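Each remark here refers to the structure printed beneath this line.
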Amino acid sequence: MNLYEETYKIVKQIPRGRVSTYGEVAKALGDIIASRAVGKILNENPYEEVPCYRVIYSNGDIGGYAGGIEKKAELLRQDGIEIVNGKIDLKKYLFNDFETDYPLKKLREEQQRLKEKLSMEDDFSVETIAGMDVAYGKKAYGAYVEFDAESMKIVKRKVVSMEIKFPYVPTYLAYRELPVLQELIKGEKPSIIMIDGNGLLHPRLFGIACHFGVLHDIATIGIAKKLLYGKEKDDYIFIEGKKVGKRLGKIYVSPGNKISVESAWKIAKKFMKYAIPEPVRQAHILANEARTRDEK
DNA sequence: GCGACAG
DNA sequence: ATCTTGTCGC
Ligand SMILES: [Mg+2]
C-alpha cells in the first residue's frame, strides 16, 4: 500500500469550484490522525492533474503551498472561489463526498488481527542482540547491528536502502518502516531484536516492535525516546490498566513479542551506555551514515 | 499562541 | 524523522 498514491487518488476527485480540507482527505484515507501527513504528501505532489491547491485548513484559512500561498489563492480564484479576508467559506465550498476504500482503516484492522498472534511470555535465548533503525532522505536507509551478548561486541553490520512509500503517521509507523526492516532481517537470526519505536506501548497495543515480532516469530523489544500514549506511574506505563512498558532513564521500553515488560527492560538496561541502548544507537548512527554517503 | 500521538 | 541556523520573543 502506497499512501502517497492513495492520497493523490482522493485529492484528484475534488471538482473545480470546490475545496476540501487536510482533515477531510485524511478521513477519506481512514483516519483523521493523518491530516498532517496529508499536508506533507501534497507538498510533494508530482502530478499536474492532482489539484492539491484545493485542499485548505479546516478553519477556512488557505494553508500552505509549495509555489507560494499567493499562487494558491490565485488558482482558487480562477476556480471561481471567493476568498474574503484570507478565508474561504467551507459551508459553501466544502467537498468531502470522496470515493474511497479507507486504506488506513484496513491497516488498523490488520493491526488488530495480527495482535492475536502476540506472545507476552518470555520465550527467547540470549546469544545475540540486534538493533534496527531507519534514516530518511530521498530514500529510506535501514541499518542492522548485531551484538554478541556475552562479549558485548558488534558481530555484524548491514545496511539497505529503498523507496519511501508511506509517510510518518502517528500509530502507523510500522507501515513506514517495516518494509525496510523486512529487507534487513533476511538471512539474520538474532536472539532478540531492539527496534526504534514502541511495542505494546501503542493505542492498539500493537506498535512496530510487536508487528515485526509477530511477522517473524521472534523476540522483540520496542525502544522509544518519547511517550506515544499511556499513563505514567512510578516508571511504569499503563494503558487501560494494563502494564505495557517501563521507563529506562529518558526512554520508554516496551515488549514487542515473546518477552515480558520486566525482561525487556532488563535486556535494554544491560546495553545502556548512553541514553539509548547500544544496538539501537549504533543502528541509528549506521543508517544515518548510509544516507549521508549515498545522498550528500 | 499553546498543546497536540513513536519516527 | 528532517531542515538548517541562532542565541529569542512567550
Ligand atoms: Mg528511528
Side-chain angles (χ1 to χ4, degrees), chain A residues 3-4 22-23 26-27 29-41 43-44 57-59 61 64 66 104 107-108 111 131-143 161-182 184 193-213 220-232 237-240 244-256 264 268 275-277 279-281 283-296:
Chain A
L3 201 71
Y4 293 86
Y22 299 100
K27 281 193 254 176
L29 286 170
D31 198 332
I32 194 169
I33 203 171
S35 53
R36 277 177 296 186
V38 169
K40 181 74 169 24
I41 290 167
N43 172 255
E44 298 168 24
Y57 288 165
S58 61
N59 67 3
D61 283 349
L104 291 179
L107 298 185
R108 245 180 358 258
Q111 290 176 326
M132 300 199 290
D133 193 19
V134 186
Y136 296 89
K138 295 290 179 201
K139 294 191 294 182
Y141 298 83
S161 71
M162 65 175 70
E163 181 195 354
I164 300 168
K165 294 192 173 112
F166 206 100
Y168 169 66
V169 180
T171 78
Y172 298 86
L173 175 65
Y175 294 98
R176 176 166 170 82
E177 305 202 334
L178 230 34
V180 184
L181 305 189
Q182 308 261 29
L184 281 172
I193 308 177
M194 288 187 197
I195 296 173
D196 186 24
N198 286 305
L200 287 177
L201 197 26
H202 180 278
R204 292 178 287 282
L205 301 177
F206 202 69
I208 187 169
C210 300
H211 203 139
F212 185 89
T220 56
I221 300 171
I223 303 291
K225 296 175 282 296
K226 288 191 283 190
L227 187 60
L228 168 69
Y229 192 75
K231 298 200 66 173
E232 200 165 346
I237 318 301
F238 296 85
I239 293 178
E240 285 162 22
V244 295
K246 185 176 180 183
R247 192 171 183 143
L248 211 194
K250 287 193 67 174
I251 67 163
Y252 298 89
V253 180
S254 61
I276 299 165
V280 172
R281 196 178 76 91
H284 186 266
I285 292 168
L286 186 56
N288 276 294
E289 282 174 356
R291 171 174 52 99
T292 304
R293 196 181 323 117
D294 196 51
E295 298 189 5
K296 289 164 189 173

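Source: prediction; values computed, not measured. Residue numbers start from 1 in every chain, and the chains themselves are labelled A, B, ... in the order their sequence lines are given, proteins ahead of strands.
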Stepwise, does the salt bridge (charged side-chain N to carboxylate O under 4.0 Å, His left out) test hold for A:Glu232 with A:Arg247? CA-CA 9 Å; A:Glu232 200 165 346; A:Arg247 192 171 183 143; 2.6 Å; yes

Could you work out which one of B:dG7, C:dT2, B:dC5 sits closest to the side chain of A:Leu173? B:dG7

At 4.0 Å (heavy atoms only), tell me whether A:Asn288 reaches a base, stays on the sugar-phosphate, or touches nothing. sugar-phosphate

Atom-to-atom span, NZ of A:Lys226 to P of B:dG3 - whole angstrom: 14 Å

What contact category does A:Leu201 fall into here, base, sugar-phosphate, or nothing, at under 4.0 angstrom with non-hydrogen atoms? nothing

Counting any heavy atom closer than 4.0 Å, what does A:Asn198 reach on the DNA or RNA strands: base, sugar-phosphate only, or nothing? base

Could you check whether A:Asp294 pairs with A:Lys138 (Lys NZ or Arg NE/NH1/NH2 to Asp/Glu carboxylate O, under 4.0 Å)? no

Between B:dG7 atom C1' and A:Ile251 atom CD1, what is the distance in whole Å? 15 Å

Could you work out which one of B:dA6, B:dC5, C:dA1 sits closest to the side chain of A:Pro170? B:dC5

Between atom CZ in A:Arg176 and atom P in C:dA1, what is the gap in whole Å? 11 Å

Is any side-chain heavy atom of A:Leu178 less than 4.5 Å from a side-chain heavy atom of A:Ile208? yes

Euclidean distance, atom CZ of residue A:Phe166 to atom P of C:dA1 [Å, nearest integer]: 18 Å

Aromatic ring pairing A:Tyr175/A:Phe166, orientation class (parallel under 30°, perpendicular over 60°, tilted between): tilted

Could you tell me the separation between the CD1 atom of A:Ile237 and the P atom of B:dC5, rounded to a whole number of Å? 14 Å

Could you work out which one of B:dC5, C:dT2, B:dA6 sits closest to the side chain of A:His202? B:dA6

